[in-house]
Amino acid sequence: MLHRTIHLFRKELRLHDNPVLLAALQSSEALYPVYILDRAFLTSSMHIGALRWHFLLQSLEDLHKNLCQLGSCLLVIQGEYETVLRDHIQRWNITQVTLDAEMEPFYKEMEANIQRLGAELGFEVLSLVSHSLYDTQRILDINGGSPPLTYKRFLHILSLLGDPEVPVRNLTAEDFQRCSAPDADLAESYRVPLPEDLKISPENLSPWRGGETEGLQRLEQHLTDQGWVASFTKPRTIPNSLLPSTTGLSPYFSMGCLSVRTFFYRLSNIYAQAKHHSLPPVSLQGQLLWREFFYTVASATPNFTQMAGNPICLQICWYKDAERLHKWKMAQTGFPWIDAIMTQLRQEGWIHHLARHAVACFLTRGDLWISWEEGMKVFEELLLDADYSINAGNWMWLSASAFFHQYTRIFCPVRFGKRTDPQGNYIRKYLPILKNFPSKYIYEPWTASEEEQKQAGCIIDDADDPMEIKVKRDHSEENISKGKVARTTE
Amino acid sequence: MKRAGQKVVAGTEAPGTSQTSKKQKTSLYGSGHGESDPCTSMDWGSLPHHVILRVFQFLTLVDRARASSVCRRWNEVFHIPDLWRRFEFELSQPATSYLKSTHPDLIQQIIKRHADHLQYVSFKVDSSTESAEAACDILSQLVNCSIKTLGLISTAKPSFMNVSKAHFASALTVVFVNSKSLSSIKIDDTPLDDPSLKVLVANNSDTLKLLKMSSCPHVSPAGILCVADQCHGLKELALNYYILSDELLLALSSEKHVDLEHLRIDIVSENPGQVQFHTIKKQSWDALVKHSPKVNIVMYFFLYEDEFDAFFREETPVTHLYFGRAVSKAMLGRIGMNCPRLIELVVCANGLQPLDDELIQIAERCKNLTAMGLGECEVTCRGFIEFVKMCGGRLTQLSIMEEVLIPDSDYSLDRLHLEVSKHLGRMWFPDMMPTW
């Protein structure tokens, strides 16, 4: 018996490698591709800033376009998800709801509610995992039921598991022809909203554009530029990588515009053809494997995104300091390296991972001693690729609350910046007020003489924060080392 | 938890009663009936004291406190002195801290009923001055105590530094004068001063074994010298460099003194170029090592790169070295030359020149090196493998941030990890920071 199906897009905003959509098409005579824009649900789960709303809406627009090309369309229905479903299950005589299986607690709860609704209203529910390389349960099982807490151990477990799940085949127009598509007038009433419709400012300075099409183009670019040119010289300074990346893929993974499995296998193929066979995929696919690592830990750890009640998180006596937190968030700490990074973050929604390390360490263990949960929330709001597990996991890592190394690493807000970009061009770009400072002062403009400051057109007020924070940072270093090194890795 | 007075029957389970016994959740003597059997019935409340005590020792304080309100007998056990030898007071203000505080009523109870039982006491305070002051208030009331171990721990900021010197000193005086058997004191980051040290020494010179007083800016070299002169049982000492003197090392090496086991020295500079560091004579170090051949000498450096001039010019018997900020290539060279007793070396940051030569010299001359950590430095893969080969299996801790290693024409990062693992005799990877 063929179903009349609502397919719910949640975190897999794409048509390639979408196992549950494929399964829906194969089992249905009518298919309604739906995205329920439940604003209350979305914002209660994670903070969403304007840039990420834009990215989401662009991704939905792109999804709609791609569905149209295959003879279907996307229906974006606004409202509380249970109400929306109740309404449309009846209206459209739905017998099956298909959706992507996700591991975040709020998504799991949503799925459980939909199952309940299915039992009540008489429809079936089908969900499949496609957001991670592996079924995380298998990783947990091999590790005796608990998640590996060091990357080394994690890699070892993966080596026992073998290759990840293979991507499913691409969808074709034929797949859609067999199913009847929603009517044209439905498509009109449920079109993708514009930012203004949701009362979100239409202004968008970010160079990142959402959507599967853009994601796939970047994927090709990424593979051409980096993937198979197995580069053996590690650059000592990476100033250009700090600038908005044209081949960066992280927001597309987190929104599901790109499939991690697809990327993994494309990389593996390329690497297999490359000259040096001794290179294991670890070095090329680091980004994907770290993502998998955090997904695995998060899936098996209650209260993962907070300190209280989180079994893997050190209970640390952080300061409550709203003023300093605000200065950090608004790029007003007085350390140019930190402020430039926070400026780029706010304007563009993406910063390089070393930049994330720098500001995360500064907020927590390094300088301000403010709780990592506060930083996590700011990143949630501002980052395009903010992801439940990865964001929380990294914040815990950088604040030395979990996943311990033998020796805790502190990034100095002056020295680390200087080392990464000795000329200071990154600072000049994002903090134009400092652009006339010579490179030797630009990371610590307060060290320049008054005359030199005048020449650069910017006087540094002695009463500013940097000095005070500097002294406190020194003390923090001592705290770290005093409390330090008793933790061992495996 | 069963209410006291409920009857439990000892004995083996009869076949037909498996249903009933499954319903009983707790049973001290194995499963049994719910019916009472007058010959073998026992009352939870009439367990002997030592049994309850043993059980209580496994419970957290909160659970014990709850259990103590069950019946009088259990309440008596709750107050047995043995359960009150060790206590950690946690003091924090909700406005400044996420963590819980010891309940004020409990604190009152302890002061009233258990002050004389306390032997191992610590105070964990948050960043607020009120918490530090509260700690001092409690200390001032421990008049009949005979404390052996005292710890003042600032978990976030040195909050004790904001307490008035007089208040702090008088609180310490109460403990120092009354205890007379203090053996271990941890009071880093406090306004400890010379007069308080005199009081400590006057009353506890026979028993003092451990004194940790890093970052106590009011203590002078004379103050700590007084401790070394009088407390001949001192085995562990932690202090800042500015109060370390040749006289101190000689005093610790006198015949009357026991072997020193652990000496930790913090060398800190708040502002670059502000402090000129004095040198310690080689003879003084030699005397110390001659007297205590096994002593661990631990040095934590928080200096700016050009402030190291006074250090490692001659042979220095340091065993554990930590550089919390950047340290120059030249300094690492000097360390290779002059630190034959070195066991552990941690370098937070260096520069952009490879440290190959310095590392190889360290491998050659520091034959006791078993642990190393490197961050924000540069080392070529070939140089690093050479270093590991020379140290071999004696390196039990090797912690290198992945980006420290520079791949060259001979070795990629992945080949390197296999080579290093081979020389160490175990699987080894560099430390990796997540790709966020």
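Per chain, numbering begins at 1; letters A, B, ... match sequence-line order. All values below were derived from every heavy atom in this structure, side-chain atoms included, with hydrogens, water molecules and symmetry-related copies excluded. Not measured: the values here are computed from a predicted model.
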Original post:
Quick one: side-chain hydrogen bond (donor to acceptor under 3.5 Å, both in side chains) partners of B:Ser128, sequence neighbours excluded?
Top reply: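 For B:Ser128 the side-chain hydrogen bond (donor to acceptor under 3.5 Å, both in side chains) partners, ignoring immediate neighbours, are B:Asp126, B:Ser131.
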Original post:
More than 12 heavy atoms of other residues, nucleotides or ligands under 6.0 Å from NZ of B:Lys186: is that the case?
Top reply: no
**OP:** Return the set of residues passing ring pair (Phe, Tyr, Trp, His ring centres under 6.0 Å) with B:His218 (not counting sequence neighbours), or none when no residue passes.
**Re:** none
Go through the atoms of [X] and report whether side chain, backbone, both or neither lie under 4.5 Å from a heavy atom of chain B.
X        : answer
A:Asp387 : neither
A:Ile316 : backbone
A:Phe294 : side chain
A:Ala308 : neither

Quick check: do [X] and [Y] have side-chain heavy atoms less than 4.5 Å from each other?
X        : Y        : value
B:Lys157 : A:Trp369 : no
A:Cys317 : B:Glu90  : no
B:Glu378 : A:Arg419 : yes

Original post:
Which region of B:Pro430, side chain (C-beta onward) or backbone (N, CA, C, O), has a non-hydrogen atom less than 4.5 Å from a non-hydrogen atom of chain A, or is it both or neither?
Top reply: neither
Subject >> Heavy-atom proximity to chain A below 4.5 Å, by part of B:Ala326 >> reply: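 For B:Ala326, backbone and side chain are both near chain A.
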**OP:** Report yes or no: does A:Lys152 contribute a side-chain atom to a donor-acceptor pair with the main-chain N or O of B:Trp428 at less than 3.5 Å?
**Re:** no
Original post:
When rounded to the nearest 0.5 angstrom, what is the spacing between CZ in A:Arg153 and CZ in B:Phe429?
Top reply: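 Here the interatomic distance stands at 12.0 Å.
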**OP:** Identify the heavy atoms of A:Arg415 and B:Glu376 that sit nearest to each other, and give their distance.
**Re:** NE-OE1, 3.3 Å
